Amino acid sequence: MLPKGPYDPHKYEPEILKWWLKSKFYKPEYDPKSNRLLSLEELKKDKTPTYCIIIPPPNAYGRPHMGNVSAFAYEDLFLRFYRQLGYRVYGQPGKDHAGIQGEIVVLREHFRPQGKSKQNMTREEFYKETYRYFQTQIPLIREVEKRIGLSADFDRDTFTLDPDIVKLVLETFIKLWEDGLVYKGVRIVNWCPSCKTALADVDTEKKERKGRFYYIKYPLLNTDQKVITIKVNQQTIQEFIEKGEITLYNLDSTLDNGDIVVLEVESNHKQRVASVLIDRQGKALRLINTNDFSNFITVATTRPETMLGDTAVVVNPKDKRYKHSIGRKVLLPLVWREIPIIADGRVDMELGTGALKLTPAHAPEDYEIMLTWNKENPKEQVDYINVIDKDGSIVGPTGQFFGLNVEEAREKVVEELKKLNLIEKIETKSQIIRVCERCKTPIEPLMSSQWFIKIDALRKPAIEVVRKGKIKIYPKNMTKKYFHWMENLRDWPISRSLWWGYRFPVWYKGKPEEFVDENGKIVTKIGDTVVRDIHEAVKKGLAVVSLKKPEGDGWIQDDNVFDTWFSSGQWPFVTLMKWDLFDKFYPTDLMETGYDILEWWVSRMIMLGLYRTGKIPFKEVYLHGLILAEDGQKMSKSKGNVVYPDEVINEYGADALRLFYFTGAKAGAGMPLERSKLEGNRRFLNKLWNIAKFVLMNIEDVYNEIPTWSEKDVQLKDEDKKMLKEVKTMAQKRIEAFKNYTFGSFIIDLRTSVWNTFADWYIESVKPRLYNKEGSQDKDPESRKAAQYTLYNVLRTYLILLHPFIPFITDRIWQEMPKRKGDHKSLMFVKD
RNA sequence: GGGCGGGUAGCUCAGAGGUUAGAGCGUCUCGUUUACACCGAGAAGGUCGCAGGUUCGAAUCCUGCCCCGCCCACCA
């Protein structure tokens with residue numbers, strides 16, 4: 001018998017949970033028939049069909065949030081459903097070190113209170129202590145996983161920085177390297193000139209400041225106007241500047257009057273002087289001046305000094321003012337380089353003149369435009385020229401400006417442009433700049449050398465498997481998002497300037513130092529040798545890609561760590577490999593995660609899974625909705641609208657919260673937290689509890705025999721048949737609902753069926769047959785027996801159907817139910 | 001800027017060519033106390049964002065517009 005009073009989740013849920021855990025029901029080795037644990041060997045040989053979900057690992061610090069816990073609930077729903085059906089089920093739990101976010105949080109919340117920072121710690125100290133700290137956090141997170149009912153094998157909970165995992169992950173990198181899919185290239189980074197480090201966007205903040213908006217005229221070249229560069233010595237230049245005219249005899253004979261000759265001083269950071277050919281026969285040149293050009297294109301900038309690194313002018317292709325100019329060339333003043341006019345739809349026609357100077361090395365937006373343009377115009381590639389060094393000084397092919405700091409260079413650039421009459425006007429303007437979060441120094445975007453993975457070889461098979469339906473994505477419309485992302489992928493930058501994570505297994509003979517060469521390109525110096533790329537360094541024996549530090553002294557490890565997606569992208573197979581369950585459970589059956597990380601995580605798992613194992617990592621992907629705050633906004637600490645799932649469990653119980661996730665489960669969309677729904681769920685649970693009390697109370701006299709009754713033993717009335725048919729239909733619908741991931745509407749139907757059909761209609765109408773009192777209409781014992789039979793079997797089936805959704809209350813009721821022969825003591829293993 | 005999704009009852013959302021558009025919560029009326037007041041019976045409440053179009057028939061399909069949200073630019 002069930003105890004009197006309303007259902008109290010706080011009393012029953014912990015009891016049930018303790019029993020499940022103690023009985024090892026969650027382990028794939030648990031065998032319900034023999035009620036014992038198989039050995040690993042027995043498990044491997046076992047022929048029972050398998051079902052496996054790799055649980056997306058929550059961050060290994062802090063309190064699990066709604067997103068984490070909703071995911072656990074959805075995953076558990078499937079684990080329990082298939083476990084009930086008799087599959088051998090494995091849920092692989094894990095915890096994520098969370099790269100940059102983990103580093104920020106541990107520095108702020110653990111180290112800062114102790115007065116420690118990256119400035120007064122060694123990398124080794126930091127790593128060791130952070131690892132230790134995370135190990136203290138993990139059990140707390142695991143508790144929440146257990147409380148929501150997640151039936152994963154917690155004995156195999158795995159941390160992403162577990163040494164076994166690290167080894168497996170790095171092996172993939174080595175394989176990529178050996179297959180020629182890894183290279184070092186350059187990418188724009190947020191550089192803090194004061195902290196001398198690259199920063200992620202989250203390490204920077206935006207600040208408004210007043211600045212000047214300079215309108216600079218760039219001379220437009222005529223289509224037939226030629227520009228050539230010749231090298232001369234310093235003395236020649238000197239004479240030229242003094243006299244204003246010069247004759248050169250080694251000029252190209254195809255030049256015409258009006259063509260431009262740029263004189264470049266040898267070995268002096270490409271100091272250049274521009275001149276015009278005024279006498280083709282006499283080969284006489286005159287210093288260039290504004291009057292030599294009839295057309296200009298004016299660009300506006302807050303940072304005139306960056307023009308030294310301009311490699312194009314960009315206009316909006318829709319802009320009528322410039323449409324005809326696209327494809328033409330301009331002569332970049334002061335450094336006198338010929339640069340093209342290109343087009344990009346992102347250029348704001350209203351801002352400035354609508355023409356943008358493109359400095360890919362020192363402006364993230366410009367860098368993006370360069371990449372897009374190059375992708376779409378492979379024959380007219382635009383390059384970068386890096387002109388600002390990591391200490392804030394001017395470098396690269398910048399002639400007279402070389403070595404100045406940024407402010408000095410700005411003044412001097414403006415001064416020189418004024419001399420040439422190329423400044424149209426100067427306005428004041430407030431601008432948003434990024435500053436370093438720590439020291440508030442303005443960020444200097446610049447190029448830095450990074451590790452990349454060539455994406456093409458990985459991308460193609462990953463698109464194929466989804467296109468051919470080998471991996472199915474639910475909801476279906478997300479497939480579009482996947483393809484869009486995959487088709488637009490560029491090479492994947494996998495290195496991050498952090499301490500917390502997987503360090504690159506690359507070793508250098510001496511500390512590698514990046515610097516900018518005379519062409520504005522990033523090159524690396526290892527010891528005394530300058531190398532253009534990593535392949536050259538390896539060839540020369542200055543770098544080694546290897547899991548272990550090479551023999552001998554002086555080897556220094558690469559100080560980059562991997563993008564966390566590089567490791568989490570391998571999560572399905574590395575975890576299974578670690579536990580020697582790869583052959584048993586890979587490919588896994590379902591990847592259940594939030595729709596917001598389809599591109600970030602799911603796509604990487606598909607690519608890296610296929611690459612390393614040759615097989616898909618999972619057969620289906622289900623993307624659940626995101627839980628929003630009660631105000632309909634995204635939960636965030638700064639908005640103060642965060643509600644933690646453990647609080648909700650404390651108030652309503654785990655089953656009520658699970659039901660909330662499932663009933664509102666609109667895949668791929670947001671769902672606001674709603675207390676009234678949680679209340680409603682609690683009422684439903686109480687209703688179920690009372691239904692069970694009622695049924696048990698009314699079958700008490702036949703408790704032991706009722707499970708043996710079959711339909712033949714009773715004379716069912718129409719209402720009995722109708723009721724039995726309804727639960728049977730629900731059982732069939734459930735199979736479909738899980739297959740099609742429409743469990744959200746199914747559980748609403750099931751709940752309506754339990755409440756409206758069973759409780760409100762059937763039970764109410766059957767009462768007279770049960771009470772069998774004097775004066776009641778129906779005293780027939782056969783009628784009573786049929787009602788008892790129906791009550792028992794309907795409740796039994798409802799409990800089974802409901803169990804994956806609300807496991808605690810159903811298993812608690814199950815404990816009191818009369819059992820059939822062979823019934824397992826837990827509903828987790830009862831199929832029908 | 002690009003991509004994705006959404007606008008249906010007071011609130012949160014279902015419905016995706018076919019009678020009179022649904023559910024939960026809220027509101028109102030009535031009832032019951034031998035499973036349950038965390039209950040039961042019932043009611044009110046909608047130009048389905050706007051404007052066109054296709055169709056015998058449109059919340060649903062098409063076109064245009066308006067509004068809202070999310071994702072993307074070393075955040076996991």
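Convention: sequence-line order gives letters A, B, ...; per-chain numbering from 1. Here the structure is a predicted model, which means the values were calculated and not measured.
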Donor on one side chain, acceptor on other, A:Glu726 and A:Ser753, under 3.5 Å = yes
Between B:G3 atom C1' and A:Leu598 atom CG, what is the distance in whole Å?
-> 12 Å
Separation of A:Lys480 atom NZ from B:G2 atom C1', in whole Å?
-> 15 Å
Describe the nucleic acid contact of A:Trp755 in one word from base, sugar-phosphate, nothing, applying a heavy-atom distance below 4.0 Å.
-> sugar-phosphate
Can A:Lys693 and A:Glu816 be counted as an ion pair, charged N to O under 4.0 angstrom?
-> no
Measure from the side-chain N and O atoms of A:Asn374 to the backbone N and O of A:Val382, and report whether any donor-acceptor pair falls under 3.5 Å.
-> yes
Where A:Phe746 and A:Met730 come nearest, the two heavy atoms and their spacing | CE1-O, 3.4 Å
Short heteroatom pairs, N/O only, protein and nucleotides 69-71 of chain B, under 3.5 Å:
from  : atom 1 : to       : atom 2 : distance (Å)
B:C71 : OP1    : A:Lys634 : NZ     : 2.4

Separation of atom CG in A:Leu678 from atom P in B:C25, rounded to whole Å = 13 Å
Give one of base, sugar-phosphate or nothing for A:Glu679, where a contact means two heavy atoms less than 4.0 Å apart.
-> nothing
Tell me: CG of A:Asp760 to P of B:C38, nearest whole Å?
-> 16 Å
Report yes or no: is there a donor-acceptor pair, N or O only, under 3.5 Å between the side chain of A:Trp601 and the base of B:A76?
-> no
Identify whether the distance between the nearest side-chain nitrogen and carboxylate oxygen of A:Arg769 and A:Glu719 falls below 4.0 Å.
-> yes
Could you tell me whether A:Asn698 contacts a base, only the sugar-phosphate backbone, or nothing, with contacts defined as non-hydrogen atoms closer than 4.0 Å?
-> nothing
For the residue pair A:Asp701 and A:Gln788, confirm or rule out a side-chain donor-acceptor distance under 3.5 Å.
-> yes
Looking across every strand, which nucleic acid part, if any, lies under 4.0 Å from A:Gln101 by heavy atom: base, sugar-phosphate, or nothing?
-> sugar-phosphate
Indicate whether any N or O donor in one side chain lies under 3.5 Å from an N or O acceptor in the other, for A:Thr306 and A:His362.
-> no
Which is true for A:Lys687 with a 4.0 Å heavy-atom rule: it touches a base, it touches only sugar-phosphate, or it touches nothing?
-> base
For the pair made of CD1 in A:Ile809 and C1' in B:C38, what is the distance, rounded to whole Å?
-> 12 Å
So, is A:Arg683 close to the B:C39 phosphate, meaning a side-chain N or O under 4.0 Å from OP1 or OP2?
-> yes
Please, which pairs that meet salt bridge (charged side-chain N to carboxylate O under 4.0 Å, His left out) have at least one residue in residues 558-569 of chain A, sequence neighbours excluded?
-> A:Lys184-A:Asp558, A:Arg496-A:Asp563
Any donor-acceptor N or O pair under 3.5 Å, side chains A:Lys481, A:Thr479 | no
Check: B:C74 base within 3.5 Å donor-acceptor of A:Arg496 side chain = yes
Considering only heavy side-chain atoms of A:Thr564, the closest of B:U12, B:A76, B:C36 is B:A76
Step-by-step salt bridge (charged side-chain N to carboxylate O under 4.0 Å, His left out) determination, A:Arg812 to A:Glu13 | CA-CA 8 Å; A:Arg812 179 64 188 84; A:Glu13 287 183 356; over 6 Å; no
Determine the contact category for A:Asp344: base if any of its heavy atoms lies under 4.0 Å from a base atom, sugar-phosphate if only primed atoms, P, OP1 or OP2 are that close, otherwise nothing.
-> nothing
Using the C1' atom in both, what is the distance from B:C61 to B:A43, to the nearest Å?
-> 36 Å
Pairing of A:Arg682 and A:Glu651 as salt bridge, 4.0 angstrom limit = no
Touch check for A:Trp689, heavy atoms < 4.0 angstrom, all strands: base, sugar-phosphate only, or nothing?
-> nothing
Whole-Å distance, A:Phe660 CZ to B:C38 C1', equals 19 Å
Answer yes if the side chains of A:Tyr183 and A:Asp491 hold a donor-acceptor pair under 3.5 Å, and no otherwise.
-> yes
Could you state the atom-to-atom distance from OH of A:Tyr482 to C1' of B:G5 in whole Å?
-> 21 Å
Hey, which of these two, A:Val189 or A:Pro6, hits RNA chain B nearer its 5' end, going by closest nucleotide?
-> A:Pro6
Integer angstrom distance from the C1' of B:A59 to that of B:A51 | 16 Å
Which residue, A:Ser497 or A:Tyr7, contacts RNA chain B at a nucleotide closer to its 5' end, judged by nearest heavy atom?
-> A:Tyr7
Phosphate OP1/OP2 of B:C36 contacted by A:Lys4 side-chain N/O (<4.0 Å) | no
Quote, to the nearest angstrom, the P distance that separates B:G10 from B:G45.
-> 11 Å
Measure from the side-chain heavy atoms of A:Ile691 and tell me the nearest of B:A35, B:A76, B:U12.
-> B:A35
Quickly work out the A:Leu659 CG to B:C25 P distance and round it to whole Å.
-> 13 Å
Look at all strands and tell whether A:Ser495 reaches a base, only sugar-phosphate, or nothing, counting heavy atoms closer than 4.0 Å.
-> base
So what does A:Ile763 touch, heavy atoms closer than 4.0 Å: a base, only the sugar-phosphate, or nothing?
-> base
Which part of the nucleic acid does A:Leu685 contact within heavy-atom distance under 4.0 Å: base, sugar-phosphate only, or nothing?
-> nothing
With sugar-phosphate meaning primed atoms plus P, OP1 and OP2, does A:Gln450 contact a base, only sugar-phosphate, or nothing at under 4.0 Å between heavy atoms?
-> base
Show the numbers, then the answer: is there a salt bridge (charged side-chain N to carboxylate O under 4.0 Å, His left out) between A:Glu514 and A:Lys390?
-> CA-CA 10 Å; A:Glu514 270 178 32; A:Lys390 289 180 175 171; 2.9 Å; yes
Separation between the C1' atoms of B:C48 and B:A16, rounded to whole Å | 13 Å
Got a donor-acceptor pair under 3.5 Å from the side chain of A:Glu764 to the base of B:A41?
-> no
Rounding to the closest angstrom, what is the interatomic distance between B:G24 and B:U34 at atom P?
-> 26 Å
What residue among A:Asn59, A:Thr564, A:Thr160 forms side chain to side chain donor-acceptor pair (under 3.5 Å) with A:His97?
-> A:Thr160
State which of B:A76, B:A73, B:U12 makes the closest approach to the side chain of A:Ile597.
-> B:A76
May I ask you to say what A:Pro493 touches in the nucleic acid, namely base, sugar-phosphate or nothing, with a heavy-atom cut-off under 4.0 Å?
-> nothing
Separation between the C1' atoms of B:G22 and B:U60, rounded to whole Å = 15 Å
Quick one: which of B:A73, B:U12, B:A35 gets closest to the side chain of A:Lys677?
-> B:U12
Which whole number of Å gives the distance between the C1' atom of B:U19 and that of B:C56?
-> 15 Å
Just checking A:Arg675: base, sugar-phosphate only, or nothing, at a heavy-atom cut-off of under 4.0 Å?
-> nothing
Mind checking the P distance from B:A58 to B:C11? Whole angstroms is fine.
-> 27 Å
Dot-bracket for RNA chain B, 5' to 3', Watson-Crick and G-U pairs with both distances under 3.5 Å, [ ] for crossing pairs, | for partner on another strand, reads ((((((((.[[[[.)..(...]]]].((((((....).))))).....[[[[[..)....]]]]])))))))....
Which part of the nucleic acid, if any, lies within reach of A:Ala759 when heavy atoms closer than 4.0 Å are counted: base, sugar-phosphate only, or nothing?
-> base
